[in-house]
**Student:** 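Here you go, one structure.
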2 protein chains.
Amino acid sequence: MTNSETAEEPPAPRRPHGTAGRGGKRERLVAAARQVLYERGVEKSALADIAAAADVPLGNVYYYFKTKDALVSAVIEDYRQSFGELIAQVSQGEEPAGRLKALLAALTERQERLASYGCPIGSLSCELGKRDDDQRAEVGAILAGLIDWAETQFRAMGRDDARELATALIAAYEGIALLAAALRDPGLISTETSRLSRWIDFLAGLQPAGPGHRTGR
Amino acid sequence: MTNSETAEEPPAPRRPHGTAGRGGKRERLVAAARQVLYERGVEKSALADIAAAADVPLGNVYYYFKTKDALVSAVIEDYRQSFGELIAQVSQGEEPAGRLKALLAALTERQERLASYGCPIGSLSCELGKRDDDQRAEVGAILAGLIDWAETQFRAMGRDDARELATALIAAYEGIALLAAALRDPGLISTETSRLSRWIDFLAGLQPAGPGHRTGR
DNA sequence: GTCTATAGGGTGATAGAC
DNA sequence: GTCTATCACCCTATAGAC
């Protein structure tokens with residue numbers, strides 16, 4: 001492993017270009033694409049922009065990705081992995097209610113970016129959702145995975161309506177991210193996540209207050 | 001029966017092309033643009049598509065709208081008006097809780113289209129939200145108007161946290177529309193609007209559900 | 001494998017005939 | 001006012017040199 005993090009390129013990448021070759025051009029492209037697509041939208045982002053952001057010559061992109069769609073798919077896959085890690089992280093909490101609140105807390109940390117560009121998955125879904133192809137389904141699968149995870153937590157809390165609650169929770173998050181971006185108001189995120197946390201506590205039976213009440217414990 | 005519905009054009013439109021001239025080309029363009037933009041997205045819709053849908057020659061579009069952005073702005077204005085009418089309609093209810101539920105019911109009626117293309121305003125906001133110009137603000141203003149209206153209703157219900165609840169309600173709607181479109185599942189809409197209706201009833205104190213709640217701070 | 005140059009297709013916008 | 005023809009540009013994708 002004689003690796004450097006920057007522009008080192010051993011002559012024999014040797015791996016099928018699915019994963020990590022040392023030049024790391026593929027990774028740089030995916031990372032750059034992820035950011036550019038997030039900030040500018042899929043349709044408005046040109047491959048030239050992404051290539052420039054990744055410091056890779058334009059024509060070289062096509063060595064790693066057959067089409068622009070293939071690059072977008074790689075970004076979606078990257079998100080899938082990131083969300084998997086996020087879920088794994090917040091799942092370390094012992095109690096289901098705590099896990100759900102940990103997820104909300106993780107999202108609150110990103111409120112500034114959420115209020116500028118919306119939820120990465122949500123906006124991707126919004127753009128690709130108009131189509132009816134594999135990519136839409138891939139993005140949908142990430143959201144479905146999130147709902148499934150939340151459902152498991154609510155189920156562990158003894159709720160029979162776990163699926164409904166899980167859907168409502170993820171919808172609330174996607175919706176507030178959309179509103180915060182539309183109104184350029186990061187404060188909406190923290191207000192709503194705070195309200196949702198109280199709601200979760202209420203559902204868990206830890207609080208004697210109804211949903212929406214501002215009472216402390 | 002001298003009139004036909006199709007290509008009739010009285011020779012003297014006479015009105016400044018802001019409103020309804022009989023040829024109605026401007027109106028047809030806005031209506032067609034509204035539909036095409038909704039179903040295909042702003043960036044993927046070509047002016048040629050819109051012109052064809054409106055049965056107007058491409059070059060003629062520029063007589064009515066200086067740029068594509070101007071046409072998009074006209075569509076946003078059209079939405080603003082439509083939402084105003086929707087609000088006026090559901091505001092006929094006598095009680096605030098009933099009005100809020102009437103809004104939810106109106107949205108549920110559209111669940112099929114919502115599950116195919118998302119919320120018209122939400123997806124517009126999502127696409128334009130990445131920019132930071134006037135159009136984003138215009139779309140945001142529509143959403144803000146919706147929140148304001150809902151806030152008024154919650155306030156009339158005696159809620160001190162009316163603003164927070166109103167934001168949560170609109171976020172829930174936008175979020176569930178996004179999820180329904182992402183997962184192509186219209187059923188999510190009715191399940192969630194039903195849950196939200198129960199929530200509104202609960203907040204209104206019409207239902208004995210939930211543990212002891214207080215009526216405000 | 002890497003990169004340059006360019007082809008090929010499509011889009012927004014304009015000029016000018018009717 | 002209405003519409004056709006066309007320009008000028010940008011973007012994806014490829015061909016082929018190194």
Side-chain angles (χ1 to χ4, degrees), chain A residues 6-30 32-33 36-37 40-75 127-128 131 133 135, chain B residues 6-30 32-33 36-37 40-75 127-128 131 133 135:
Chain A
T6 50
E8 191 77 12
E9 299 165 9
R14 185 155 314 215
R15 316 191 181 214
H17 43 256
T19 44
R22 277 300 117 72
K25 291 210 180 122
R26 191 181 193 280
E27 287 68 28
R28 262 154 51 207
L29 279 170
V30 172
V36 173
L37 294 182
R40 253 193 285 201
V42 177
E43 298 300 333
K44 293 210 72 165
S45 300
L47 284 177
D49 302 328
I50 297 170
D55 199 31
V56 167
L58 172 59
N60 205 352
V61 172
Y62 291 91
Y63 174 73
Y64 297 98
F65 302 97
K66 202 168 188 301
T67 66
K68 183 183 180 181
D69 268 6
L71 176 52
V72 173
S73 283
V75 169
E127 274 196 86
L128 303 180
R131 319 189 204 174
D133 57 7
Q135 290 196 332
Chain B
T6 49
E8 191 77 9
E9 296 166 11
R14 184 157 314 218
R15 315 188 183 217
H17 43 256
T19 45
R22 274 300 120 68
K25 292 211 180 120
R26 191 181 192 280
E27 287 68 29
R28 262 154 51 207
L29 279 170
V30 172
V36 173
L37 294 183
R40 250 191 288 199
V42 177
E43 299 301 333
K44 293 211 74 166
S45 300
L47 283 176
D49 302 329
I50 297 170
D55 198 32
V56 168
L58 173 57
N60 205 351
V61 172
Y62 289 91
Y63 174 73
Y64 298 98
F65 302 97
K66 204 169 186 300
T67 67
K68 183 183 181 183
D69 268 6
L71 177 52
V72 173
S73 284
V75 169
E127 274 196 84
L128 303 180
R131 320 187 202 175
D133 57 8
Q135 291 198 331

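Quick caveat: nothing in here was measured; it's all calculated off a predicted structure. The chains referred to below are lettered A, B, ... by the order of the sequence lines, with proteins before strands, and numbering in each begins at 1.
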**Student:** May I ask you to list the residues of residues 44-52 of chain A, by number, that have any heavy atom positioned under 4.0 Å from an atom of DNA chain C?
**Tutor:** none
**Student:** How long is the line joining CD of B/Glu43 and P of C/dG10, in whole Å?
**Tutor:** 18 Å
**Student:** How long is the gap from CG on B/Leu37 to CD on B/Glu43, to the nearest 0.5 Å?
**Tutor:** 10.0 Å
**Student:** At what distance, to the nearest 0.5 angstrom, does CZ of B/Arg26 lie from CG of B/Asn60?
**Tutor:** 13.0 Å
**Student:** If you check the A/Thr67 side chain, which of D/dA13, C/dC3, D/dT2 turns out closest?
**Tutor:** D/dA13
**Student:** Taking the side chain as everything from C-beta on, heavy atoms only, tell me whether A/Ile50 gets closer than 4.5 Å to A/Val61.
**Tutor:** no
**Student:** Can you measure B/Phe65 atom CZ to C/dT11 atom P for me and round it to whole angstrom units?
**Tutor:** 20 Å
**Student:** Look at the side chain of A/Asn60 and decide which nucleotide, out of D/dC3, C/dC3, D/dT2, has an atom nearest to it.
**Tutor:** C/dC3
**Student:** If I take atom CG in residue A/Leu58 and atom P in nucleotide D/dC11, what distance separates them, rounded to the nearest angstrom?
**Tutor:** 10 Å
**Student:** So, OP1 or OP2 of C/dG12: does either fall under 4.0 Å of a side-chain N or O from B/Lys66?
**Tutor:** no
**Student:** Among D/dA13, C/dT4, C/dA13, which is the nearest nucleotide to the side chain of A/Pro57?
**Tutor:** C/dT4
**Student:** Could you please name the option among D/dT12, C/dG1, C/dA13 that lies closest to any side-chain atom of A/Tyr63?
**Tutor:** C/dG1
**Student:** Nearest to the side chain of A/Lys68, heavy atoms from C-beta on, is which of D/dT2, D/dT12, C/dT2?
**Tutor:** D/dT12
**Student:** Check whether any side-chain nitrogen or oxygen of B/Tyr64 sits under 4.0 Å from OP1 or OP2 of D/dG1, and answer yes or no.
**Tutor:** no
**Student:** Under a 3.5 Å distance rule, please check whether B/Glu127 uses its side chain to pair with a backbone N or O of B/Gly41 as donor and acceptor.
**Tutor:** no
**Student:** Side chain to side chain contact (heavy atoms under 4.5 Å, CB included) between B/Val30 and B/Tyr64: does it pass, once the steps are laid out?
**Tutor:** CA-CA 10 Å; B/Val30 172; B/Tyr64 298 98; over 6 Å; no
**Student:** Walk me through it: do A/Tyr63 and A/Val56 pass the test side chain to side chain contact (heavy atoms under 4.5 Å, CB included)?
**Tutor:** CA-CA 11 Å; A/Tyr63 174 73; A/Val56 167; over 6 Å; no
**Student:** Apply side chain to side chain contact (heavy atoms under 4.5 Å, CB included) to A/Thr67 and A/Val72, showing your working.
**Tutor:** CA-CA 9 Å; A/Thr67 66; A/Val72 173; over 6 Å; no
**Student:** To the nearest Å, how far apart are B/Tyr62 OH and D/dA8 P?
**Tutor:** 16 Å
